[in-house]
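A, B, ... follow the sequence lines: proteins, then strands. Residue 1 opens every chain.
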Amino acid sequence: MNLSEILGDLNDKQSQSVILDNNKNALILAGAGSGKTRVLTHRIAYLVTQNSVNTDSILAVTFTNKAALEMRERLSLLLRRPIRSMWVGTFHGISHRMLRTHHIEANLSSQFQILDAQDQFRIIKRLMKENQIDETKYPVKKIQWFINQQKDEGVRPKDIDAGYNYFVKQSVKVFELYEGHCASNDLIDFAELLLRSYDLLKLNSDLLSHYQERFQHILVDEFQDTNTIQYKWIKLLSSKQNRVFCVGDDDQSIYGWRGAKIDNIHKLEKDFTPIQTIRLEQNYRSTGNILSASNALITNNKSRLGKSLWTDSGDGEKIDVYEARTEIDESDYVVSSIQTLLNDNIMARNCAILYRSNAQSRAFEERLIKYNIPYIIYGGLRFFERAEIKDAMCYLRLIENSSDNVAFERIVNFPTRGIGNATIEKIREFAANNGTNLFQSSVSIISSLPTRAANSLDGFVKLIENMRDASQNLNLSEKVALLIKDSGLIYHFSNDKTDKAGSKKENLEELIATAKRYIHDEESDLSETLGFISQATLDSSGGDDNTNTNKCVQLMTIHSAKGLEFPYVFLAGMEEDLFPSRQSKDEPRLIDEERRLCYVGMTRAMKKLTLSYAIKRFLHGQSIYAYPSRFIDEIPQHYKNSIKQKFGLSENDYKSNNSKNQNIFPESDSQLSVGANVKHAKFGYGTVLNFEGKGDSTRVQIKFKKAGTKWLISSYANLEFV
DNA sequence: ACAATAGGGATTTTT
DNA sequence: TCCCTATTGT
């Protein structure tokens, strides 16, 4: 690969960044849609092919697994070879890798487990209960938040002076208890991965210099999102001999509330000298109007590094601003606009509805169902966070490592097998007194238990032991298949009446497939199973079935849309107190972040952007009158096209429409049952998987033979039973 | 052990 | 309003 191939399709600024002097650090201020991933990957390709930098000497850090994966893929395409051994990963993934390799120096066993947010919550809650700390006064969520916040700042309990603040005092107490618990149980939470790997390097100068010498080039993506400990981690790894190359955009910093320090990007220029700053301002995504409007909006923020996006692709259409009467009206406007696009053969996946808070998705969902437009809502529980999947994973964990107390607690009596609280309390007590784990403790106390409890507990112990023996010679996916069956999970969820659609059972089956797909890193210090378990915690998004999503309109929060782009974007709920949110309105710092969020939302749009707001909105059980968002006013009028006229059906039309439809699907319809076969005019034949609600608002989930699985409102769907 | 019921809270969530 | 949790009753 030669230089012109690497620089071939890059603009001046991009090329400059890629071939930047090796003796300088770099800050690439990459605006939205300016090709930052391209610069990052081409920079690496340049170093490897033109500067003979060994791939082992490169460390590339991202925030999300998705970004890391994308970088890997693009790199192996560019370099035309696999880059398996290269250190490309998330902050957490890289930290994890270091801790596994140097677990002894990090004061961890080789089998340490990673806690996800749920596990962490459970532990904190139990610790508080055991120590009589009143949950109503000190909500677990808040304490958990406090602890994570401190860790993100690199702060340990001993560093905190609570003064006279009772909340902080209690939080620190729980923090200490929690730290003790994690230490004695070999547990690491997300924040701890970073903090501990930081300490590891800080306290072991040999290790530190090893990595400093090894990583000649450290590249960081989305630098504006780094928190204090991440910044310190990078700073620690940097040295006289190596160079950092940071890419970021201060205008797209939207995770300040999670500890991201926008100021890190400012500090960079002081802490990492000599440094060269390059601005990528040419945008390849949006039309001129969208960019100018976004630029105008973001100018209202103070203390920016300053950047102004431009494009040579023409002005495009103005931004539509729709004033709706209510959120129903709003969703009707948006969805009928989408319908119009679909009629023009625009693909559904090219349309996105973005909003500030998840609660806003409902109105759109209902309208999309009415129009029979396929959609997908992002957000909510991810695959590995689902209860049934966590249950199964905990069986896997306990089979693999009987000292995993977190797993033990979760599944000892699930599915229920007659092991009550009293028994579990005895197990805990014995374990605490004898310095052993819960599983071992169970084995020890069985003989001292009343017959009934003893039998139940004995059954559980034997179950785990048998599964362990039986899975000895099985591969990962066979192991998973065995466990979801023998544990009784499949049986339990097959009979779960609350899960009419059987999706939990399906998820468990999907877990087998996910295990099958798992590719184990041969160089890893972990067994295949432990590798799978760690990966599941570090990347909880697995298992999702993306086959139909490209036919769907996409609904998500603006936060989730960061890094994505769509030809047609609808930014909904542009109202004061919703966006910017009420909780942010009193603090200029928070308002600025809301404004950046709005900027991120607007710059997702490629061809056409539509903003909408409702005068009256039903929220939290009551109607609220709202003012249009200040952000709308901050966009100069000549980029906007205001639409105030009522679109589509009038209120009366709705009424007549509804009453007309009421007869189509009588309330007392006894034919509607799971498994019933139906025919739909457009989607053809299908089977009812699930339904909810009554009368007019009944929603039915149907698996169509050809059209896939859909939720429909029965009063609109006009179903025929066959 | 589970279902029914009452009460409280309701941005955003990369790992 | 809706959803999640904790409590209560069978």
- Lys/Arg cation over aromatic A/Tyr231: A/Lys261, 6.0 Å, 45° cone: no

- Write down the distance separating the C1' atoms in C/dA6 and B/dT11, rounded off to the nearest Å. 25 Å

- Task: Take atom C1' in C/dC3 and the same atom in B/dT14, then report the distance between them in whole Å.
- Result: 25 Å

- Query: Expressed in whole Å, how much space separates the P atoms belonging to B/dT12 and C/dT5?
  - Reply: 15 Å

- Message: If I take atom CD in residue A/Glu365 and atom C1' in nucleotide C/dC2, what distance separates them, rounded to the nearest angstrom?
- Response: 13 Å

- Task: Would you classify A/Gly418 as touching base, sugar-phosphate or nothing, given that sugar-phosphate means primed atoms plus P, OP1 and OP2, and contacts are heavy atoms under 4.0 Å?
- Result: sugar-phosphate

- Query: To the nearest angstrom, how far is A/Asp189 atom CG from B/dT13 atom P?
  - Reply: 21 Å

- Query: Along nucleotides 5-12 of chain B, 5' to 3', which nucleotides get a B, which get an S, and which get a -, given that the test is a protein heavy-atom distance under 4.0 Å?
  - Reply: -----BBB

- Geometric cation-pi criterion, A/Arg100 with A/Phe112: 6.0 Å, 45°: yes

- Item | Partner set under salt bridge (charged side-chain N to carboxylate O under 4.0 Å, His left out) for A/Asp189, not counting sequence neighbours | A/Lys151

- Message: I need the CD-P distance between A/Gln120 and B/dT13, as an integer number of Å.
- Response: 18 Å

- Message: Judged by each residue's nearest nucleotide on DNA chain B, which is more toward the 5′ side, A/Gly380 or A/Arg417?
- Response: A/Arg417

- Item | Euclidean distance, atom CD of residue A/Glu70 to atom C1' of B/dT14 [Å, nearest integer] | 14 Å

- When the distance from CD1 of A/Ile558 to P of B/dT14 is rounded to whole Å, what number comes out? 15 Å

- Item | Base-contact (B) and sugar-phosphate-only (S) positions in nucleotides 3-10 of chain C, heavy-atom cut-off under 4.0 Å, - elsewhere | S--S----

- Integer-rounded Å distance: B/dT15 C1' and A/Arg258 CZ: 7 Å

- Query: Can you name the residues that form a side chain to side chain contact (heavy atoms under 4.5 Å, CB included) with A/Asp152, not counting sequence neighbours?
  - Reply: A/Ala191, A/Asn227

- Query: Under 4.0 Å between a side-chain N/O of A/Arg382 and OP1 or OP2 of B/dT13, yes or no?
  - Reply: no

- Task: Rounded off to whole Å, could you give me the CD-to-C1' distance for the A/Gln118 and B/dT15 pair?
- Result: 14 Å

- salt bridge (charged side-chain N to carboxylate O under 4.0 Å, His left out) with A/Arg596: which residues, sequence neighbours excluded? A/Glu593

- Query: How long is the line joining CG of A/Leu69 and C1' of B/dT15, in whole Å?
  - Reply: 16 Å

- Can you name the salt bridge (charged side-chain N to carboxylate O under 4.0 Å, His left out) partners of A/Asp525, sequence neighbours left out? none

- Item | Contacts of A/Thr90 that satisfy side chain to side chain contact (heavy atoms under 4.5 Å, CB included) - sequence neighbours left out | A/Thr62, A/Asn65, A/His92

- Message: Going by the rule salt bridge (charged side-chain N to carboxylate O under 4.0 Å, His left out), which residues pair with A/Arg122 if we only count those two or more places apart in sequence or in a different chain?
- Response: none

- Note on the structure: Considering only heavy side-chain atoms of A/Phe63, the closest of C/dT1, B/dT14, B/dA1 is B/dT14

- Compare side-chain N and O positions of A/Asn65 against OP1 and OP2 of B/dT14 and report whether any pair is under 4.0 Å apart. no

- Is the distance between the ring centroids of A/Phe408 and A/Phe460 under 6.0 Å? yes

- For A/Pro415, all residues meeting side chain to side chain contact (heavy atoms under 4.5 Å, CB included), sequence neighbours excluded: A/Tyr395, A/Arg417, A/Leu489, A/His492

